[in-house]
Amino acid sequence: MSAATIQKKADVLVVGAGIAGLQASLDLADQGKQILLVESQPSIGGRMINLSKVFPTLDCASCITTPRMASVAHHPSIDLLTYTEVNKIERTNGKFHASITKKPRYLDETACIGCKRCEEACTTFLPDEYDHSLGAKKAISIAFTNAIPQYPVLDMDECLLCGACAKACPTQCINFMQEPQEIEAEAGAVIMATGYNLTEISAKKQYGGDIYPNVISPLQMERLLAPHGPYGGVMRPSDGKIPDSIAFVQCAGSRDKSLGVPYCSRVCCMYAIKQAMLLSGSLPIADITIYYMDIRAFGKGYEQFYQNAKAMGIQFVKAKVGRISEDENHNPILRVERQEDCSQPEEVTHDLVVLSLGMVPAWIPDRDGIIPLEIGEDRFVRSVNEKITPSLTSMEGVFAAGTMTGPKDIVDTIVEAGAAATEAANYLRSQEGR
Amino acid sequence: MEEEKKLSYTEQIKELRARRGEGSKEKQERSKEQIKAQKAILAAIDKEAKTVPEIAEATGMNTQEVFWWITAMRKYNKVTDETKKGDYIAYRKK
Amino acid sequence: MGDHNNMKILLITTMISSYPGANTVGQAHLHYSPGTYIIRVPDPVVFPESFYMRCYEKGIDGIIIMSSGSDCPYEGAYRRLSERVARVYVQMKENGIDPSRLKLTTICTVCKAAFLKEINEMQKNILQARADKEGVAA
Amino acid sequence: MEEEKNTQSEENESEEIRVGVYVCHCGGNISDVVDTKAVVEALKKNPNVKIAKDFVFMCSDPGQKLIIDDIIENNINRIVVSACSPTLHETTFRKALTRAGLNPYLYEHVNIREQDSWVHKGENEAATAKAIRLTAAGVEKIARQDPLEPIVVNAEGHVVVIGGGVAGMRAALALIKRGLGVTLIEKGDRLGGRALELDRVYPTEEKASDIVSQLENAVRAEKIDVRLNCEIELIEGFVGNFDVQIRGKDSKIDKVRAGAIVLATGFDHYQPYEGEFGYGKSPIVVTLPEFNKLIADMPQSDKFTYKGKDIKNLAFIHCVGSRQMEGVHQPQADGRVNDYCSRVCCTATLHTINKTLDKFPNLNIFDLYKDIRTYGHGHEDYYEKASKRGVTFFRYTDDSIPEYAPSSNGSGATLTMKDVLTWNEEVSIPADMIVLATGMVPRDISNLVGMLKLPTGTDRFLQEVHPKLRPVELANNGIMIAGTCQGPMDITESCAAAGASAAKVSILLSKKTIEMDPYVARVDEAKCDGCKLCLAECEYKGALFMAESYAHVNPALCVGCGACVAVCPPRAINIAGWTLDQFDGMIDAISMEELEPATVPA
Amino acid sequence: MAITVNPDLLKEIKEYGAFDINACFNCGNCTAVCPLSDTVGSFPRKLIRLGQIGDKNRVISGPEPWLCYYCGECSDTCPRQAEPGEYMAALRRYAIAQSEPTGIGRLMYRSGVFAVIVTLLVGIVLGAFMQTVKVGKNPSHWIFGAVSYQMIHYLGIAVSILAVLTIVGGIMKIFNRLSSWEGGTKPAPGKWVSALKQTITEIITMKRHREESPASEPVVWYRSHAWIHLAIMYGFIGLLVATTLDFVFLELLPLHLSIFWPARIIGTVSGLVMLWGVSAAMLRRFSKEEKNAAHTSLPDWWLLIFLFVLALTGYWLEIATTFKLVSPVNDGIMLLHAAMAMELILLLAFTKFAHVIYRPIALFVYFLNQA
């Protein structure tokens, strides 16, 4: 009953449409290469589109990502597949063959006009993963307001099968019986840009990140700070209180061998400082404290950003938080050794606590298959010529960009995506000669 | 494919419900719970705006659950923000 | 609401931030007064002082310049724009136009709340300006 | 190009303006609130509108066919579609115009969904009035629109890379492999740059000399035009067409034409001032680069001897010349302090410490830091390894910078500071030798900066267009940056930047010509009175200039911001596609009281 | 006055264990996570840092090493796996070694071979010495066929006196050091009584120890460190009481004591309790499941082995006495039992066993300074 397999051909297959994949695709497509860009989520934009603002410029993340997303979506040389999984990529005779599955959204994308009438009609509420469960969505919904493309996804597992959405749709595009669509693609080169996950919020038991409602992840804080966030402001999840005292716990998921993440995640210091600055902007009287080991503001303009934050009155306390508990009002209590003043442990109560979690690879070859790339000790995809050509993977013709090779901030990701595009283009050219 | 398209929505739903079997009931129960929760909260803030702790007290639900529903109904334009009351925002039915 | 409908507010938006910002408000199906007219430009710095004065002459009640602020991609454009707006205020004063009928602000692509707030404030300003004028006339 | 424009405008004048208006229902999304029929009827009264129609889905194939048929059969030459946001379907309809043989810029998209029907639910009448005014404004705008063509400039398929360090070589290689011609210019007498000073590099522990020779051999194997001992004399021109004058060792000037330029001019080491932690006053105080050179060739030994003296206690001080604070540190020559972090020194220092302990395992090593910034892949391992090998760390702050005091016998020194790790107690650290982890400062390229008006930041490094999204491009179109001329980086990061800048160059030069948006300033020479007011407004060097008594625009350099437009008294200068006349027409339509058709002024 | 940094102290402490402590990067997690660290006694990082910069005086003068019960939470959660708990254990060994003047303790801790040789040598000497006095023709107590009862009696007293002397020396030294402890204050005299009360309560109940409950390893009570320790302690005290009672009432009582005689009951029950405790402790160390048992060193084993063998041989002798089993093997076991018991007392000041003296003193000082 499933439709015949669709055949596609491209110069380069790009896996992942976060900022790295978008940038690599654009850099290649603008050179005239045909790109097949595959994204597993319903919208492109990756992690970046859901951030509040970016450091150190404090540009609105969505404002600088949306144009790039739109350029990709409208680019004549980019064939974009969203809500699509890559199952396998194989290299035969110098060409890559990918088997790809387009997951059913349960609607006809060619007919959908993105009007959201289905979403309004739907009565089933679910936690919204784009707001990291802080907010709600419907069983049929468009991922987020500025999603690209503006097609909803129907969550068949949660659907009541009431038919309200189908009745509301002006184009009759809903199809409850839709099946996955198989796609076979051939490409001359591959760029992998599958991104990162945060370290599990439950990883450090002493922090109770999965138990205490007011101990949240940094991506949740991003949503609270975003102008279109779930609460319409910074409030805490347990009861909607506007917090007076907010703390950031640095290295809550990095530089910790007991968590199996011995490396530094590079971005946590800066995003915490950024969030702290944004908080002090929106909650001018709130006390904001960052508990840290070393402030790693190493990038261009980052140190100055850090010094500005200090000048704004954000408290930087050199201490690693040992444990977190909470009182009867769900106020988190941190236990720290405040070593700058004395050597003694101290308990401090805050209204809201952000665990500055680190980065782990979202996709790991030996766990998730698809394509057999070598990984390093840190489980990220390994570069075989790290100094000179960081985007080179262990497989000829496959290049990696962004956080799939290690933690990285946006600017380093974009630079590396450009470098990966260059490598892919040059590889294609070298293959032509053969 | 062609054949499937011809099925009307009612037929599609009937077919899928049959495939789903018992699972359907569970989802309908949950839906009833959801509607109940929304109704209770909306009733509490129909006449006057209330904060999350106040709604929780009025409805007997816990604050975290109330707040999630407020967020949900805020998003779908059923609830609107009113004035700030202390450290909390008061919400009113739209 | 009736008052609001006989009111014309011109929203000058930028291609990269406030125009998509207005779309975001639409995508969220939020409500604001229909007396609002959005035009988009690469950058509002293009308009001379006379453009604004002509608008008021033609019967536009209020103008909100929704710039890109620090996100502006053009060198020096925001500085020039704010300097120009200052000169427009002078001309407005000279011509007896209430200065609250012009506002320079920054709206991002997802600034839903700020967008609505600016419109509401402008409506209030316009009503106040009308009342003041009537008061003077009376 | 000028000629082309003229013929088109002539054509234009001879032609009657015939606008077609199409109002979309969007399957009820618009038509449930906006009375689309009323919009059509109102617009029909506009003298310029020859056809007005509504349709359920304009973006659908039958909808587009309506437009194409009207263009072909009814000689419609301007199109207005009132529908969703232009961000969704403007390109769709422009393509339809092209298919029908009409200039795609003769199209106006009016947003009556996101900015009308969706936000004015329940106020149908007002929403309809708004839709009429907005659509009329669209008609006014497009009636005053000329056909536009993209700006096309010639693109020389050759690149000049300035700087023969790792980043420069890396960029040159990527470009030549892409099929572009490359001239690589190096000031010194050999390729390799700062990497030549290094022994082994973190985290791969490769020999830096291997990296350099690997790159150098690759450069030599390709047809890269390598110019050693050469400097830039002059650069003129603009994107696609730069004229680069190169001065050789014999002062002979050679000219190269390039479509783009990559700057990879590198950095200088921070040089401590005399007396900074005893530097220059005592021979036992050296900088990290000096120390690396010193121990590079030393054999492994139980004893470390320096200047005939046994060294037992060796201290390293971080952040010398970096992360400086105003009022705390001595300012640089230009009166500013180096307030930036030099990024590489933490890992470089710990890398050196480990190397030192490999050779001299009996040394006591002390490390005085502010924050340990071992951020990158494998960096933290050097920190841990150094700790495990018994290095003692001390953390100082700007309130307590280590104080250097030579010991009374003159052979060693003591460093005294308040140690954060010891709850701010004062500690005194014996040191027989002190190594200062000096940072990076921008290399002096003031000749290039002046010549090309290159933007620099407050840190004096070259300033990219956008620190987040466009990190390897300068505001100067066609000039890219790679490596440490932009800010501190290590070899990996410099090479990645070189690859990224090669991608940007390839995009520019992949075809023989560069196509750019037509939305740039245009001067009506008949109106221009040569008052020059516009010149002061332009921030883009060479974009606007005076010649033959009127203003000229170089469309390759103009970004179309419109700053010049506003100051022109006779309205002689305008942004193509966004003229003030067009906006005036739109305001007329928006401000019309009765929903009667506005007329287009002659 | 600035502290002059001395990097050699840590090297010295490391000879007593704590082989990973250099990895420490002073984050302070250990102090913050420690359930017992507080404003009076802050550890472990404070002591680690003092070790790193080489402030020997402060390292050995504080009560902190004795306030730590080594629950393992700090080591479990240490981001650098520097084993701060193990460092605290090493500090206790270091402190014991620093408190006795002979240097034997120092050598025993630092060299396993030396420790074994000393143990064997002292054991043999004791055993041989006990053989010097021949048993009379009419032994009053037949089980002492191998050793003269009188010999045991008086040697026991002598050994105890010797032990007491070394202990007193140690106590004086430790008091001396604690008086220079920087965290210490001069509390009001009334405080002494309550501090003493708190100390005794803590020793009896081990409340602090039990309540430290590491979040990372929620163990059942009978497997918990505190309960095992309590079992060993009460078992040992019980046996000490039973033995003393036997000694004191020796002449008044019939020879073949019934196992229902109160002192016997105390001995039997205590022996069982201790045997269970010691077995459980040894099992924990074998399995190495918990962090705090992962790095068992010879001094830990030494004490456990001694207690285990003493308990086992004690039972053997009890059974032999009750059922009047006569065998040369019993004689040998009797000799072993007596020799080991005396050795345990004799080497008290030099081994881990010394903590029975030092910990209460440290606790007393701690409570004295508690607000």
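Letters go in sequence order (proteins before strands), and every chain restarts at 1.
Residues from residues 85-94 of chain B that place a non-hydrogen atom less than 4.5 Å from a non-hydrogen atom of chain A comprise B:D87, B:Y88, B:I89, B:Y91, given in numerical order. Residues of residues 44-56 of chain B having a heavy atom under 4.5 Å from any heavy atom of chain A, listed by number: B:V52, B:P53.
Looking at B:R74, the atoms closer than 4.5 Å to chain A (heavy atoms on both sides) all sit in the side chain, from C-beta outward. For A:E158, the parts lying under 4.5 angstrom from a heavy atom of chain B are both the backbone and the side chain. Heavy-atom distances place no part of A:D351 under 4.5 Å from chain B, backbone and side chain included. At a 4.5 Å heavy-atom cutoff, B:E65 makes no contact with chain A through either its backbone or its side chain. Using a 4.5 Å cut-off between heavy atoms, A:L126 touches chain B through backbone and side chain atoms alike. Only the backbone of A:D157 comes within less than 4.5 Å of a heavy atom of chain B; no side-chain atom from C-beta onward does.
In summary, of the residues considered (A:K137, A:K138, A:E119), a side-chain hydrogen bond (donor to acceptor under 3.5 Å, both in side chains) with B:Y76 occurs for A:E119 alone.
Most heavy-atom pairs under 4.5 Å with chain A: of the set B:M73, B:Q28, B:K84, B:R30, this distinction falls to B:R30. Most heavy-atom pairs under 4.5 Å with chain B: of the set A:D128, A:L134, A:D131, this distinction falls to A:L134.
To the nearest 0.5 Å, atom CG of residue A:L334 and atom CZ of residue A:F248 are 12.0 Å apart.
Across A:Y83 and A:P104, no two heavy atoms sit closer than the pair CE2-O, 3.4 Å. Summarising the geometry of A:P230 relative to B:T71, their closest heavy-atom pair is O-CG2, 3.1 Å, with the distance given to 0.1 Å. Closest heavy-atom contact between A:H350 and A:S245: ND1-OG, 2.8 Å.
By the 6.0 Å contact criterion, CD on A:Q7 is enclosed, its count of non-hydrogen atoms from other residues, nucleotides or ligands being greater than 12.
Between B:E29 and B:K25, no side-chain nitrogen of the basic residue sits less than 4.0 Å from a carboxylate oxygen of the acidic one, so the salt-bridge criterion is not met. In summary, B:E15 and B:R19 engage in a salt bridge, as defined by a charged side-chain N under 4.0 Å from a carboxylate O. Using a 4.0 Å cut-off between charged nitrogen and carboxylate oxygen, A:K102 and A:E179 do not count as a salt-bridge pair.
For an aromatic pair to be called close, the ring centres must be under 6.0 Å apart, and A:Y130 with A:F144 satisfies this.
Counted by atom type alone, A:N87 and A:T101 present one or more donor-acceptor pairs between their side chains at under 3.5 Å.
Checked by atom type and distance alone, the side chain of A:Q178 pairs as donor or acceptor with a backbone atom of A:L107 at under 3.5 Å.
Aromatic ring orientation, B:F67 versus A:Y231: tilted (interplanar angle from 30° to 60°).
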